[in-house]
Novice: 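Below are the structure tokens for one structure; questions will follow.
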Amino acid sequence: MSTPLIWIVIPIGFAGVLALLHNKPKLSSILTCVFTLGLVVLALVFPKDLAFVLPDQRIEIPSSLVILNRTVQISGESLTMVALLYAITLLWNLGNSVFKVSIWFNALSLVITALWVTVLSVIPFLYAALLIELIALLSVPLLSPRGKKTDLGLLRYIVFETLALALILLTGWMLSGVSAVPAASPLLLRASIMLLFGFALWIGAFPFHSWMPMISQTSAPLAVSLLLGLMQTALSVFLLTFLDQYAWLRNLPQVYTSLRWLGVIMITFSGLAATLQQNLARHFGYLIIMETGYSLLAISLTPQGGLPYLAMLLLPRVLSYFLWGWALSGIRQLQPEASFEQGSLSGLYHTFPLLSMSILVSMLSLLGFPLLPLFPQKQMLWLLTAQNAPETIPFVIIGGLVMLTAILRLFRLFIQPKGKKTSPNPAGEPAKLIVPIILMFIVMLAMAIAPQVILPRMLEILAPFTHLTLF
Amino acid sequence: MNISWLFIPAGLMLLAAEVNLTRRQWLVNLVALAVQYLSMFLLLTSVRAPSFALIKLIVGWMATLVLYITLASVGEFYAVKGPQRLSSGQFFRLLAGLFMIVFTIVFLPQIQSLFLMEGNQPLLLAAVGTMLLGLLQVSMISEPFYIILGLLTFLSGFELLYASLELSLLLEALFAGINLGLALVGAYFLVKDAEIEQP
Amino acid sequence: MPILVILALLLVSSAAIAISDALKPKVSRSWMIALVGAAISWLGVLLLRLYLPTDLSLFAWQPESLFNTRLFLEINYDNWPYALSLVTLCMAVIFTDSTRSFLPSSPKAWANSLALTAVNLLALFAGDPNMLIFAWVLVDALEFISTLPSRQSDHSAARLPTVFGVRMLSTLTLAAGTVSGWMVQPGFALSAIPSQAGIFFLLAAGLRLGVLPLNLPFLQSPEEKNGPALLLRLSPVASSLAVITRLPANLLANQPVWLALFKVLTTVAALYAAGMWLTGKNQHNARPFWIIALASFSIMCALNGAAPASRAWGSALLLSGSTLFLFDPPIRRIRFLPILGILGFIGLPYTLAASGWEGLLGTRFTFGSALMLLAHTMLVLGYIRHTFEITGTVTGLERHARITYPLGLILIVQTIVILMLGGWPGSLTSGLWVAGLASLLLAGLIASFYFWQGAQISALIQKQNFRFYRLGSVLIQGFQNILSLQWLYQSLGWIFRQAATVGLTVSRIIEGEGGILWSLVFLVILITLFLAGVPTP
């Protein structure tokens, strides 16, 4: 028994069982939820030194597993991240039990999560590029289920991930003899440029972003929010692996500046683009881009202590994505013909008050609006940015203001009085949709008012990165 | 070792990629894809043991087979068309592809120094040329089948390049998984779209 | 602890009314719960005067090395007068609303009023900026829930995004101010706002009050006359005024140009609003101008470096204003009660606003001071005018309302007296008695002139022949249009539409069939650009 076996191999095996049970969605859902809950709890309670001390003996669980001459290692310090990834899967699987996105949702979400865990654990870590490509391929049935025409955005997603794979692997090869090369070598600079562009393709940075709003528009909101949420969470931490492992990379003065400007451009661009959208579902793509921008901003402030805020952003951000996915899925379930086009959103509040407000709350939360869970961390990030990179502040402000404009535009649409011809939704919003929203509001409010209750635990995610300035 | 004969499979590989970029007849495309993998195998034997090189050939042909079976099963929708004259679009793609090949040949010395590969010119020519043609294909076409073909082409070029740089079993396995995955995804797209068009 | 008890009491009363109304509706029971809750809270706030200053630490965000926030509540001489005014207003609303107890919607309105008072008290008592930010968001959320647009009322629905947009902007400005303050003094309290951050706090409060920049989004919409609606409008004003009281003394001291600009803008706002108050159709229609005029007075105090003096004008805004606004239905026999409200802002020696003159006029008497004095005169005249012009058809009230209705108004007057006597150290003062006297004399002169020539002026106006009337009305209308900021929103909308056209075209190109090619072109260009800067080996 080893940690990779518990959190990678067994889940993939279990996903196989779930695939066989795809015709029994209820059973499959229950099994997935129970299983992922078990994985989350286990990851949280597992001793950090991976040793169980019994009265008469001490059992140590190995942290690595050798596959085809390469190692997959999950140390005790990485378990908080593993718990977070499986917690995300658990939450969305609970959602799937209500919305029934796809019969393959349970199995595929579990495999994809296990692969993300592998991405963060494989040695050499550059092989992760191939795993990320595999994840993209496995996402296809969730993003484009049968009965729906293949979306151009999805194809673009696969294309960009393939290009990123090539760039990252070539970087790896270039860096294989790096120890013999002086720090300011052109080879290193070239490698870091390729790495940067590889990452830009992965995370959907401008101008490689177009697939995000496209798949947000055409795919099921719950599936998109899960896949993009998982991807963003894992890739943010994966970027830290690069910085931690390559001393030359973190010592390159241009790296943090480039990351910062890339982040700031993403924040500003996403806000501007969001205001222009005619389709509600597409906003999600831009929200993801904005949040990736904030992640990059936090990482760029690593020497000044930005990383703890990155770690503490992960969970609240995911909750906001979930709220978004839930609300949109709820509307689509109650109104299957809902297209989310601007014209059809008029008066949405009068038909679905709580669901429509959830959409706005999730957007405001991601914006870092007070009394919502991303505010404490973002406020500190703004402070760090103002102190260390004041030249970027105007762009961050513009990005925030235009995103606020986009939110207000939606608000105006939602509360517009309905025409006399339209009758209110007779069924209203069923309790099974409303209760989780209310619970989520409460959790989000608690996190915003008292971030010290849960969020400090998230700092453990940073423990494996011993070479980076953490506090 | 005399490697000049390797220019033949390299040329063949580029030709296959060019055909896939230009033509829109799935049977021709799949045959070209199979030829592409065969050429790749021949090129790989210059840097790998034949047993290792064979893996890529088998995986490539399996991917081709998956696509062939799928297309054959939804044959009514994707009917086999006879030889056609080049349309203006196809002619444009042909020229663009040729330009890419010429570009690769002209800048081959620079590319060699970039990848620190002084010896194996045919392999580098085939790898970089195929990658560029694959990229051109994915950027110029929006039909799922041809995008998947483009990606397979791009990947085969990249694998060829990477095989000369690093050898790892796990890497080989993952590449095999990705190639087959791409083929399966392509098959999935074909079936799905055919179901919508022909309910 | 007493702070929490007061807040809890108001919230529990609100919840009790809601539950009672849901289970077994009975208006008298709901009214009694509301009254008892408000009365005990009022008494609690009054007694807190004996323990000033006092604070209540809630908790600090952990780890403290990563956060600068320690949430705490504080009550001192800066916010206590506002707290008492607000609870008074709440209680008065419940007293006077007994005239409307026949309406089935009244219990809900009372429950809302109590909850709204509680969250606004939270904002008033906020000791640190984040506590204030949270309280403001809560206030806005509660206000949103209270003013939910109905399915058919397109009028208010159209304006709500503007109103809440301004509120959100003000909250974010406050957050920006907090960050700006933390740069010099991490974890500062509201009682010690760093001067660097002061401008943000001023703008945040100014935005909420509608003064800086002057914005009147609700100008065209009809003002609700009832008490709970008044509370809904005035309570957020109270929490904004409390921020102004705490602004640093050296606000904008290093930026004289900005200071001068803000003073001009504030003076213009005060004069315009006072003029509109004086000439308004009735007190309800002119209510936004009353708020803006007196809020401008408060802001001017802060700009003159005497922020604590703003308490006088702020309390006057709440108390004197509500004496007049709550006088509905107007009963002829008790008309003297709203007149007593004038005590709150007349500014004569030993009245509530006497201590506010020094802040309003500044240390040196300038042209600006004269204009502010004129604005005050117009406010006084307007108040008197509206009091005397109140007409109504109601001649009598129900038996219980005959006692409770005047009691509500008396309570406000009584609070004016309490604040006058001991609202804060130095509240009972002769102040700049000359200013008060001058304003009163000027008001007297204008009133005399009006009564002397009034009939003729009215006739001229009615005939629309008065030489300057047309020009004046056009000017005022234009000014009003400017101040409503509709032109700004329309211009922004136009810019947005043009940008959207360009943006959507670009988006179509990137997302179209050649999108990947475009992205690859970008990639190649960027890589080439980067590599161009890298020397070859």
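Treat the numbers as computed from the prediction; the structure is a model and nothing was measured. Sequence lines set the chain letters: A, B, ... in the order given, protein chains first and strands last, and positions in each chain run from 1.
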Novice: Examine whether an atom of A:Leu155 lies under 4.5 Å from a heavy atom of chain C, and if so say whether it belongs to the side chain, the backbone or both; otherwise answer neither.
Specialist: neither
Novice: Quick one, A:Phe375 and C:Asn130 - any side-chain contact, counting heavy atoms below 4.5 Å?
Specialist: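 Yes; the side chains approach each other to less than 4.5 Å.
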Novice: Once rounded to the nearest 0.5 Å, what's the spacing between atom CG of C:Leu169 and atom CG of A:Leu404?
Specialist: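 Result: 7.0 Å between the selected atoms.
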Novice: Is any side-chain heavy atom of C:Met168 closer than 4.5 Å to a side-chain heavy atom of A:Ile407?
Specialist: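 They are not in side-chain contact.
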Novice: Given a strict heavy-atom distance threshold of 4.5 Å, which part of C:Phe59 is in contact with chain A: side chain, backbone, both, or neither?
Specialist: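 For C:Phe59, the contact with chain A is made by the side chain alone.
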Novice: Does any heavy atom of chain C fall under 4.5 Å from the side chain of A:Gln277, the backbone, both, or neither of them?
Specialist: neither
Novice: Which of these, C:Asn68, C:Leu66, C:Val179, sits in a side-chain contact (heavy atoms from CB on, under 4.5 Å) with A:Met380?
Specialist: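 Answer to the side-chain contact (heavy atoms from CB on, under 4.5 Å) test with A:Met380 among C:Asn68, C:Leu66, C:Val179: C:Asn68.
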Novice: Measure up the C:Phe164 and A:Phe411 rings against each other and bin them: parallel (under 30°), tilted (30 to 60°), perpendicular (over 60°).
Specialist: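 Ring orientation of C:Phe164 relative to A:Phe411: perpendicular.
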Novice: Relative to chain A, which of C:Trp518, C:Trp136, C:Trp61 shows the most heavy atom pairs under 4.5 Å?
Specialist: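 Counting heavy-atom pairs under 4.5 Å, the top option is C:Trp61.
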Novice: Please classify the contact between A:Pro353 and chain C as side chain, backbone, both or neither, with a heavy-atom cut-off of under 4.5 Å.
Specialist: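 Neither part.
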Novice: Nearest heavy-atom pair of C:Ser519 and A:Pro207: which atoms, and what distance?
Specialist: OG-O, 3.3 Å
Novice: What's the separation between atom CD1 in C:Ile516 and atom CZ in A:Phe208, rounded to the nearest 0.5 Å?
Specialist: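 Atom-to-atom, C:Ile516:CD1 and A:Phe208:CZ are 12.0 Å apart.
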Novice: Under 4.5 Å from any heavy atom of chain C, what part of A:Met312 do you find: side chain, backbone, both or neither?
Specialist: side chain
Novice: Chain C heavy atoms under 4.5 Å from A:Leu401: which part of the residue, side chain, backbone, both or neither?
Specialist: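 Looking at A:Leu401, just its side chain touches chain C.
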Novice: Let me know if A:Leu383 has heavy atoms under 4.5 Å from chain C in its side chain, its backbone, both or neither.
Specialist: both
Novice: Exactly one of C:Ile133, C:Thr178, C:Leu174, C:Leu138 should register a side-chain contact (heavy atoms from CB on, under 4.5 Å) with A:Pro370. Which one does?
Specialist: C:Ile133
Novice: What's the spacing between C:Leu172 CG and A:Trp382 CH2 if we round to 0.5 Å?
Specialist: 6.5 Å
Novice: Restricting to non-hydrogen atoms, name the atom on A:Gln377 and the atom on C:Phe67 that form the minimum distance, rounded to 0.1 Å.
Specialist: N-CE2, 4.3 Å
Novice: Nearest 0.5 Å, please: how far is OG1 in C:Thr501 from CG in A:Leu276?
Specialist: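 Reported value, rounded in 0.5 Å steps: 9.0 Å.
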Novice: Is it the side chain or the backbone of A:Ala448 that comes within 4.5 Å of chain C heavy atoms, both, or neither?
Specialist: backbone
Novice: Hey, which of A:Met194, A:Gln278, A:Arg409 has the most heavy atom pairs under 4.5 Å with chain C?
Specialist: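 Of A:Met194, A:Gln278, A:Arg409, A:Arg409 has the most heavy-atom pairs under 4.5 Å with chain C.
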Novice: By a 4.5 Å heavy-atom criterion (distance strictly below it), what part of A:Thr275 contacts chain C: side chain, backbone, both, or neither?
Specialist: both
Novice: Can you say whether C:Ala176 sits under 4.5 Å from chain A via the side chain, the backbone, both, or neither, judging by heavy atoms?
Specialist: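 For C:Ala176, neither part sits under 4.5 Å from chain A.
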Novice: Could you tell me which portion of A:Leu372 (side chain, backbone, both or neither) has an atom closer than 4.5 angstrom to a non-hydrogen atom of chain C?
Specialist: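 Neither the backbone nor the side chain of A:Leu372 comes within 4.5 Å of chain C.
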Novice: Drop me the distance from C:Met183's CE to A:Leu384's CG, to the nearest 0.5 angstrom.
Specialist: 10.0 Å
Novice: Could you measure the distance from the CZ atom of C:Phe522 to the CZ atom of A:Phe206? Nearest 0.5 Å is fine.
Specialist: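 Between atom CZ of C:Phe522 and atom CZ of A:Phe206 there are 5.0 Å.
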Novice: Any heavy-atom pair between the side chains of A:Gln379 and C:Trp182 that's under 4.5 Å?
Specialist: yes
Novice: Is there a side-chain contact between A:Ile449 and C:Leu71, using heavy atoms and a 4.5 Å cut-off?
Specialist: yes
